[in-house]
Amino acid sequence: MPKFKTKQNVKNLSLILNIVLLIAVIYLYVDKFSGNSVDATVSSMENSGELNLSSDLNIAYINSDTLLAKYDYFSEITAILEDKRARAQAEYGNRAQGLQAEIEAFQRTSQGMTLAQGRAKEEELVQKQQTLQVYEQNLTQELMNEEANLTNALYDTISNYLETYGKSRNLNIILTYTKGSGVLYANAGLDITSEAIKGLNERYTTNKN
């Protein structure tokens with residue numbers, strides 16, 4: 001008789017869906033706002049002749065951890081992702097529990113079936129389990145796609161605001177600073193995090209209304 005692992009699949013999906021929620025922060029502030037991106041920007045400016053290292057640079061930075069903690073839009077999309085994860089997990093759990101109940105019923109009554117009936121039911125249950133696994137994979141992919149779309153929207157919102165902010169204050173570069181980043185020291189006078197949070201939240205409130 002096939003070994004059905006529906007209960008274990010529920011636990012595995014729960015772990016996967018929780019991991020998915022962490023990707024937004026990792027994707028945004030490692031891939032998008034990483035030191036490599038800054039290095040590439042500086043290198044590009046050097047090659048194009050836009051950056052003159054012999055002159056003074058107007059530089060500012062933001063603390064990305066603080067920005068995430070206090071940016072209302074990030075709180076909203078995090079809540080959206082958590083809600084989608086919870087609903088997806090509940091839906092999958094209901095389907096998995098239904099299949100598990102059917103499997104257990106078959107295991108209790110299989111001795112009273114003919115060989116042909118038993119094989120036919122086993123094949124049916126195996127097919128249902130495979131269908132559930134495909135549903136799990138599709139569900140996880142949908143959540144990852146949704147997360148990626150929201151993360152990209154978050155990045156675009158922040159970068160567009162900082163571009164406008166930087167130009168209005170004649171800044172050449174705005175860096176991101178967080179614990180564990182390549183920046184070991186940053187003068188507090190260059191920190192524009194509070195201003196950025198205020199401006200982003202004001203823009204978010206205005207656009208939302």
Side-chain angles (χ1 to χ4, degrees), residues 2-34 62-108 124-162 176 178-181 193-194 196-209:
K3 294 182 179 180
F4 301 101
K5 300 180 180 180
T6 307
K7 291 181 179 179
Q8 184 62 40
N9 287 343
V10 174
K11 295 179 181 179
N12 291 341
L13 182 66
S14 178
L15 176 61
I16 291 171
L17 295 179
N18 280 290
I19 291 174
V20 164
L21 291 176
L22 300 178
I23 298 177
V25 176
I26 297 172
Y27 179 79
L28 177 60
Y29 287 100
V30 173
D31 183 58
K32 295 286 190 179
F33 280 148
S34 66
I62 59 170
N63 186 306
S64 55
D65 292 336
T66 303
L67 181 65
L68 278 181
K70 297 184 178 181
Y71 186 20
D72 294 340
Y73 179 49
F74 179 76
S75 298
E76 179 179 293
I77 66 173
T78 299
I80 290 173
L81 288 172
E82 288 178 346
D83 179 65
K84 287 181 179 293
R85 175 198 59 82
R87 287 190 285 110
Q89 187 173 338
E91 175 64 24
Y92 177 83
N94 289 337
R95 296 191 184 196
Q97 289 172 9
L99 178 58
Q100 183 66 30
E102 194 171 350
I103 291 170
E104 291 173 355
F106 168 64
Q107 292 171 338
R108 290 194 303 268
E124 177 187 343
L125 291 174
V126 168
Q127 181 60 47
K128 287 185 177 181
Q129 187 175 44
Q130 292 173 346
T131 299
L132 183 64
Q133 290 172 347
V134 172
Y135 173 75
E136 173 191 352
Q137 294 168 359
N138 291 339
L139 189 62
T140 302
Q141 187 61 51
E142 287 177 8
L143 286 172
M144 292 181 68
N145 290 340
E146 180 71 11
E147 174 272 326
N149 291 334
L150 289 173
T151 300
N152 285 331
L154 176 66
Y155 171 76
D156 289 341
T157 299
I158 294 174
S159 61
N160 289 339
Y161 172 79
L162 291 178
T176 180
T178 187
K179 185 177 180 180
S181 67
T193 307
S194 296
I197 292 171
K198 180 180 178 181
L200 282 165
N201 283 334
E202 287 177 352
R203 175 179 289 188
Y204 169 71
T205 300
T206 300
N207 292 339
K208 187 176 182 180
N209 294 334

Just how far is it from atom CZ of Arg108 to atom CD1 of Ile103, taken to the nearest 0.5 Å?
12.0 Å

So how far is it from Leu68 CG to Ile197 CD1, rounded to the nearest 0.5 Å?
9.0 Å

CA sep, side-chain torsions, deciding dist, call: Gln133, Gln129, side-chain hydrogen bond (donor to acceptor under 3.5 Å, both in side chains):
CA-CA 6 Å; Gln133 290 172 347; Gln129 187 175 44; 4.8 Å; no

So, the side chain of Asn152 versus the backbone of Ala148: is there a donor-acceptor pair under 3.5 Å, distance only?
yes

Taking all atoms of both residues into account, what is the closest heavy-atom pair of Ala153 and Tyr73, and its distance?
CB-OH, 3.5 Å

Could you give me the CA-CA distance, side-chain angles and deciding distance for Gln130 and Val134, then say whether side chain to side chain contact (heavy atoms under 4.5 Å, CB included) is met?
CA-CA 6 Å; Gln130 292 173 346; Val134 172; 5.7 Å; no

Please round to the nearest 0.5 Å and tell me the distance separating atom CD1 of Ile62 and atom OG1 of Thr176.
5.0 Å

Can you name the salt bridge (charged side-chain N to carboxylate O under 4.0 Å, His left out) partners of Glu202, sequence neighbours left out?
none

Any side-chain heavy-atom pair from Glu82 and Thr78 closer than 4.5 angstrom?
yes

Can you tell me how far apart CD (Gln127) and CG (Leu132) are? Round to the nearest 0.5 Å.
11.5 Å

Take the angle between the ring planes of Tyr135 and Tyr92 and call it parallel below 30°, perpendicular above 60°, tilted in between.
parallel

Glu124: partners by side chain to side chain contact (heavy atoms under 4.5 Å, CB included), with sequence neighbours left out:
Glu102, Lys121, Lys128

One should read off an interatomic distance between Lys84 NZ and Ile77 CD1, to the nearest 0.5 angstrom, of 12.5 Å

Return yes if a side-chain donor-acceptor contact under 3.5 Å exists between Gln141 and Gln137, otherwise no.
no

Nearest heavy-atom approach of Leu162 to Ala196 is CD2-CB, 4.2 Å

First locate atom CG of Leu99, then atom CG of Leu125, and finally report the distance between them rounded to the nearest 0.5 Å.
6.5 Å

Please walk me through it: do Arg95 and Glu91 pass salt bridge (charged side-chain N to carboxylate O under 4.0 Å, His left out)?
CA-CA 6 Å; Arg95 296 191 184 196; Glu91 175 64 24; 2.9 Å; yes

Any chance the side chains of Asn63 and Thr193 put a donor and an acceptor closer than 3.5 Å?
no

Contacts of Asn149 that satisfy side chain to side chain contact (heavy atoms under 4.5 Å, CB included) - sequence neighbours left out
none

With side chains defined as the heavy atoms from C-beta onward, is the minimum distance between Leu154 and Phe74 less than 4.5 Å?
yes

